[in-house]
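Values below: every heavy atom of this structure, side chains too, minus hydrogens, waters and symmetry copies. A, B, ... follow the sequence lines: proteins, then strands. Residue 1 opens every chain. Predicted, not measured: the structure shown is a model, and the values here were computed from it.
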Number of protein chains: 2
Amino acid sequence: MPDTLHDAGAVTVGEAADAVGLPAKTLRYYEEIGLVVPDRRGNGYRAYRPGEVHRLRFLKRARSLGFSIDDCRVLLSLYGDPGRTSSEVKAIAQQHREAIEHKVAELLSLRDELDRLIDACHGDHRPDCPILDNLAGGR
Amino acid sequence: MPDTLHDAGAVTVGEAADAVGLPAKTLRYYEEIGLVVPDRRGNGYRAYRPGEVHRLRFLKRARSLGFSIDDCRVLLSLYGDPGRTSSEVKAIAQQHREAIEHKVAELLSLRDELDRLIDACHGDHRPDCPILDNLAGGR
DNA sequence: CTTGACCTTCCAGTCACTGGAAGCCCGATA
DNA sequence: TATCGGGCTTCCAGTGACTGGAAGGTCAAG
């Protein structure tokens with residue numbers, strides 16, 4: 001576990017995972033797709049430095065807000081770019097917000113349609129069922 | 001295209017797809033997973049009979065209501081089972097409704113959180129950005 | 001020296017398709 | 001009869017974002 005002089009402050013994938021609250025598998029996946037690429041120790045073990053752990057935390061938070069991996073890639077690069085503008089960041093967030101809003105509208109419409117079918121179905125021991133009738137009727 | 005005496009009323013995958021409004025690829029996929037398995041003509045072509053086209057329409061409608069393929073499998077089997085009870089059907093629909101409701105709640109919570117961040121961000125040419133700050137701060 | 005907990009890579013599976021390649025079949029035209 | 005175009009066949013791979021598992025290397029402790 002040392003290499004302490006060479007990899008000062010660096011931690012293994014398991015330690016980084018515990019520190020951030022993501023599975024180690026996910027960290028390996030993020031490396032594979034080039035999101036957070038740690039150094040390696042002499043034995044081949046990943047060595048996450050504090051900056052990379054920080055990026056992982058950033059990623060975890062962004063993912064928990066529903067941003068796609070591609071969005072996260074852009075957000076991370078903006079985060080690391082002193083020449084960014086806040087309008088670039090805001091645009092991504094707004095686009096994501098609209099996508100969510102759109103999906104909510106879809107789901108609410110589905111829910112309402114299901115509610116109508118569920119209300120129409122007595123739900124007893126008999127076989128006749130307005131839900132199946134609707135599915136079969138296709139309309 | 002005949003075989004008319006043997007496969008009366010049966011249509012090819014393309015014709016069935018057009019009739020139902022699903023891509024032919026999807027019909028082949030539904031056969032692969034055992035949802036709707038048509039006969040074959042002498043030349044190997046799929047032969048969808050009216051009953052199978054009907055099941056495909058049922059599937060299309062159920063999928064458009066957001067039911068999973070597994071749900072659809074059960075719904076189809078209930079549809080074809082005279083001994084079913086409407087309560088079985090209703091239970092599936094209610095479970096699906098609750099899953100949708102749950103997802104809506106999640107998305108609305110995400111949306112509200114995004115709204116707060118978006119409102120806090122002035123969105124101009126300057127680099128400082130509460131959205132990035134929040135992602136980086138993790139809290 | 002062995003145990004056990006790590007770590008490594010690679011492969012497969014998830015869900016419901018979708019795209020594409022290679023090749024067969026059929027009706028219609030030249 | 002040759003061939004052309006369109007539709008049919010199968011099989012393989014990719015999507016998003018991981019997740020599970022197998023086979024094997026590494027390391028500190030007992």
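Between the P atom of D/dG6 and the CG atom of B/D18 lies a distance of 15 Å, rounded to the nearest Å. Regarding A/L22, its CG atom lies at a distance of 12 Å from the C1' atom of D/dA17, rounded to whole Å. Rounded to whole Å, atom C1' of C/dC25 lies 12 Å from atom CZ of B/R41. Following rounding to the nearest Å, B/Y45 (OH) and D/dG7 (P) show an atom-to-atom distance of 11 Å. Counting to the nearest Å, the P atom of C/dC15 and the NZ atom of B/K103 are 13 Å from each other. Counting to the nearest Å, the P atom of C/dT8 and the CD atom of A/E15 are 11 Å from each other. Here the P atom of nucleotide D/dG14 and the CD atom of A/E32 are 13 Å apart, to the nearest Å. Between the CZ atom of B/R40 and the C1' atom of D/dC8 there is a distance of 10 Å, given to the nearest Å.
You'll find the side chain of A/V13 stays beyond 4.5 Å of the side chain of A/Y45, heavy atoms only.
Between A/K60 and the options A/L65, A/T26, A/L22, a side-chain contact (heavy atoms from CB on, under 4.5 Å) holds for only A/L22.
At a threshold of 4.0 angstrom between heavy atoms, the contacts of A/R63 are confined to the sugar-phosphate backbone, with no base atom among them. Within the nucleic acid shown, A/R28 comes within 4.0 Å of at least one base atom, counting heavy atoms only.
When each of C/dA16, D/dT19, C/dC7 is scored by its nearest atom to the side-chain atoms of A/P23, the top-ranked nucleotide is D/dT19. Of the candidates C/dA16, C/dC7, D/dT9, D/dT9 carries the atom nearest the B/V13 side chain, counting heavy atoms from C-beta on.
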Inset, instruction - Show the numbers, then the answer: is there a salt bridge (charged side-chain N to carboxylate O under 4.0 Å, His left out) between B/E32 and B/R28? - result: CA-CA 6 Å; B/E32 187 185 324; B/R28 295 195 190 96; over 6 Å; no

Inset, instruction - Apply the test salt bridge (charged side-chain N to carboxylate O under 4.0 Å, His left out) to residues A/R49 and A/E52: give CA-CA distance (whole Å), side-chain angles for both, the deciding distance (0.1 Å), then the verdict. - result: CA-CA 5 Å; A/R49 281 166 298 129; A/E52 280 141 6; 3.0 Å; yes

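Positionally, the nearest nucleotide of DNA chain C for A/E31 lies more toward the 5' end than for the other of B/F67 and A/E31. Residues A/D70 and B/G14 each lie close to DNA chain D; by heavy-atom proximity, the contact nearer the 5' end of the strand is made by B/G14.
Applying the 4.0 Å criterion to OP1 and OP2 of D/dC18, one finds that A/Y30 has a side-chain N or O inside that range. Look at B/R73 and you won't find any side-chain N or O under 4.0 angstrom from OP1 or OP2 of C/dC15. Contact annotation: A/N43 side-chain N/O to D/dC27 OP1/OP2 distance is under 4.0 Å. The side chain of A/R46 places no N or O atom within less than 4.0 Å of a non-bridging phosphate oxygen (OP1 or OP2) of C/dC7. Contact between the side-chain N/O atoms of A/T26 and the OP1/OP2 oxygens of D/dT19 is found at a separation under 4.0 Å.
Across all their heavy atoms, A/D124 and B/S86 have their closest contact at N-OG, 2.9 Å.
With hydrogens and angles left out, the side chain of A/Y29 and the base of D/dG16 share no donor-acceptor pair within 3.5 Å.
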